[in-house]
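Along the sequence shown, residues carry numbers from 1. Values in this document were obtained by computation on a predicted structure and should not be read as measured data.
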Amino acid sequence: MAATESTGKLTRSHVIIIGAGWAGLAAAVALSRAGVKITLLESARQVGGRARRVAFNKLRVDNGQHLLIGAYQQTLQLMSSLNINIDEKFIRESLQLTLRDQQGNTVFLSTPRLLVPLHLLVALLKSKGLSLSERMRAIQFGVRLFMHGFKFRQDMSVAELMVRYKQPAGLCRKFWYPLCIAIMNTPPERASAQVFLRVLHDSFRQNANHSDLLYTRADLSSLFPDPAIEYIEKQGGSIRLGQRVTGLQLDEKSGRINAVAVDEQILPADHVIIATPAHACANLLKDIPGLQPLSGQLAKLSYEPIVTAYLQYPESVRMPHHMLGMLDTTTQWLFDRRIYGQAGLLAAVISSNGPHMEQDNEVLGGIISGEIARLFPDWPAPEDMLIIREKRATFACEPGINTLRPPNNTTIDGLWLAGDYTNTGYPATLEGAVQSGLQCAARIIETLPN
């Protein structure tokens, strides 16, 4: 085992974290704060993983358009602990959803500032674009969920859940299904009702402001990864970019993890956290004695893509809302980047799989811009466009998914897992990644002598 060094806080064990996405960074911040020595290894040339900045002409955008909600308590608390001013970095608004089809029919829902659960019941009752029968069915469904604590023993698809609770097809099309795809990045026919209800529980049952929408004013890298790296380095941690881990080393006598291999180098450690995506983690584990079953378990996870198209219009172009849902189109959500200081720039988001993944950028760009033109016929054509395809943006959040999701600890002493795919109960979100990283760090800290 690598030597440890005594500090005023905890024994200064050396922890190597493989992967500098949001899970790895969250774990690194928490361990650094506890006085643990950190080495963070990232195979890419920048940190942030699947939530990082990308250059588009002279602008800084993200590799995918993300939206936080008030229920992301651990993410927001972690940011605050790094002296990130939440009020400066975010525009926070009570939940407002506007969804429109190509004929101009609009659904609108807005939560008032009332106590739980009145805010949701009033929002559904006063919603626009839903019939009285649809609103009543949605309210009845909401009441039943509250009575059950948003929990069911047996998992099923979101589509099956809607049939069980007699939600009309029109209500599903205009409200529940777009909400499901936005939360889960998995079609309702294949999305886990258990995980869907977990997010609804945290958003609507605990605190009224947990359903708030938080629009970032800056790119994702400056929102958390950059301040996290600055903090880790100030605590004496080391961040090494462009470092691909090729193997793990165990102590022959104890069977405990004691080092990682990076090309020709062997880096000793007391603990190792694998904070890579699940498929990369499975590759690292497959040759470790005793971990082949875990590697095989992770290999069973399937994935869903997200496509984000950035369209640059003249600066005079402005959406009526920060965010607009689109019904019965390839494009699912539009975001006006004016709140980022990028006037005229829109982000179009397409979640999950579909025919669009087989189309080249020119064809897909034409479809997206055409759908926007039919919604806003007075707008000129976009001047420029950037299409970003994240083919493994999230794991497919299917029924029974939680039985495949591993805990933070493994059967190898000192070897840990962190990532949104671990068993947090959340879908593949920034909050899920942060929760996993913080839980992993807490488990390691528990093992260290005071």
Side-chain angles (χ1 to χ4, degrees), residues 1-43 47-49 51 73-84 223-241 243 245 248-249 256-260 262 267-277 281 284 406-410 412-424 430-450:
M1 182 189 298
T4 58
E5 157 188 355
S6 179
T7 70
K9 295 182 180 179
L10 295 171
T11 298
R12 194 172 168 81
S13 294
H14 182 203
V15 177
I16 289 180
I17 302 174
I18 306 170
W22 285 50
L25 290 170
V29 168
L31 289 167
S32 296
R33 182 169 289 121
V36 178
K37 183 182 177 183
I38 294 299
T39 297
L40 192 56
L41 305 175
E42 170 56 52
S43 61
V47 301
Q73 289 295 291
Q74 293 197 37
T75 300
L76 296 173
Q77 289 169 10
L78 181 61
M79 290 179 180
S80 295
S81 75
L82 295 174
N83 296 319
I84 297 170
L223 191 64
F224 171 63
D226 290 350
I229 290 300
E230 182 181 356
Y231 177 83
I232 294 163
E233 289 181 330
K234 282 184 178 179
Q235 302 303 310
S238 171
I239 293 90
R240 298 172 57 170
L241 302 179
Q243 301 287 298
V245 173
L248 306 174
Q249 180 175 294
R256 180 185 174 87
I257 191 80
N258 65 3
V260 302
V262 180
L267 305 179
D270 295 295
H271 294 267
V272 173
I273 301 174
I274 303 177
T276 66
C281 179
L284 277 175
N408 295 119
N409 61 298
T410 71
I412 300 295
D413 199 15
L415 181 62
W416 308 82
L417 308 181
D420 57 18
Y421 68 91
T422 61
N423 200 7
T424 64
L430 296 179
E431 176 72 0
V434 167
Q435 282 189 14
S436 178
L438 294 178
Q439 289 170 9
C440 190
R443 294 290 304 276
I444 291 175
I445 291 169
E446 288 174 358
T447 71
L448 302 179
N450 288 326

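With sequence neighbours left out, Glu230 forms a side chain to side chain contact (heavy atoms under 4.5 Å, CB included) with Lys234. In terms of the side chain to side chain donor-acceptor pair (under 3.5 Å) criterion, residue partners of Thr424 (sequence neighbours excluded) are, by chain and number, Arg405. Under the rule for a side chain to side chain donor-acceptor pair (under 3.5 Å), the partners of Asp413 that lie at least two apart in sequence or sit in another chain are Arg256. With sequence neighbours left out, the side chain to side chain donor-acceptor pair (under 3.5 Å) criterion links Ser81 to Arg33. Every residue meeting the side chain to side chain donor-acceptor pair (under 3.5 Å) condition with Gln435, not counting sequence neighbours, appears here in chain and number order: Glu431. Ala26 pairs by the side chain to side chain contact (heavy atoms under 4.5 Å, CB included) definition with Leu78, Val434, Leu438, not counting sequence neighbours.
The main-chain N or O of Leu415 is found under 3.5 Å from a side-chain atom of Thr410 such that the two form a donor-acceptor pair. Judged by distance alone, with hydrogens and angles left aside, the side-chain atoms of Ser436 form no donor-acceptor pair with the main-chain N or O of Gly432 at under 3.5 Å. The main-chain N or O of Cys281 is found under 3.5 Å from a side-chain atom of Thr276 such that the two form a donor-acceptor pair. Side-chain atoms of Thr422 do not come within 3.5 Å of backbone N or O of Ala418 as any donor-acceptor pair.
The side-chain heavy atoms of Tyr231 and Ser32, taken from C-beta on, include a pair separated by under 4.5 Å. Put simply, the side chain of His271 does not reach to within 4.5 Å of the side chain of Ile16, judged on heavy atoms.
Between atom OG of residue Ser238 and atom CD1 of residue Ile38 there is a gap of 10.5 Å, rounded to the nearest 0.5 Å. Here the OG1-CG distance, from Thr75 to Leu223, works out to 9.5 Å after rounding to the nearest 0.5 Å. If you take CG on Asp226 and CD1 on Ile84, they are separated by 9.5 Å, rounding to the nearest 0.5 Å. Note that CD1 of Ile232 is 9.5 Å distant from CG of Leu31, once rounded to the nearest 0.5 Å. Remark: Ser43 OG to Gln243 CD distance equals 10.0 Å, nearest 0.5 Å. Distance check, rounded to the nearest 0.5 Å: CG of Leu25 to CD1 of Ile229 gives 5.0 Å.
Taking all atoms of both residues into account, the shortest heavy-atom contact from Ile445 to Ala30 is CD1-O, 4.2 Å. A pairwise comparison of heavy atoms in Ile257 and Leu248 identifies CD1-CB, 3.8 Å as the closest pair. In terms of heavy-atom proximity, Pro406 sits nearest to Leu417 at CG-CD1, 3.9 Å. Across all non-hydrogen atoms, the minimal contact from Pro225 to Gly48 is CG-CA, 4.0 Å. Taking every heavy atom of both residues into account, Trp22 and Ala51 meet most closely at NE1-O, 3.1 Å.
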side-chain contact (heavy atoms from CB on, under 4.5 Å) between Asp420 and Leu430, intermediate numbers included
CA-CA 8 Å; Asp420 57 18; Leu430 296 179; over 6 Å; no
Val36/Asp270 under side-chain contact (heavy atoms from CB on, under 4.5 Å): CA gap, chis, key distance, verdict
CA-CA 11 Å; Val36 178; Asp270 295 295; over 6 Å; no
Worked check of side chain to side chain donor-acceptor pair (under 3.5 Å) between His14 and Thr39:
CA-CA 8 Å; His14 182 203; Thr39 297; 2.7 Å; yes
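Checked options Asn408, Ile273, Asn409; the residue passing with Ile444 is Ile273 (criterion: side-chain contact (heavy atoms from CB on, under 4.5 Å)).
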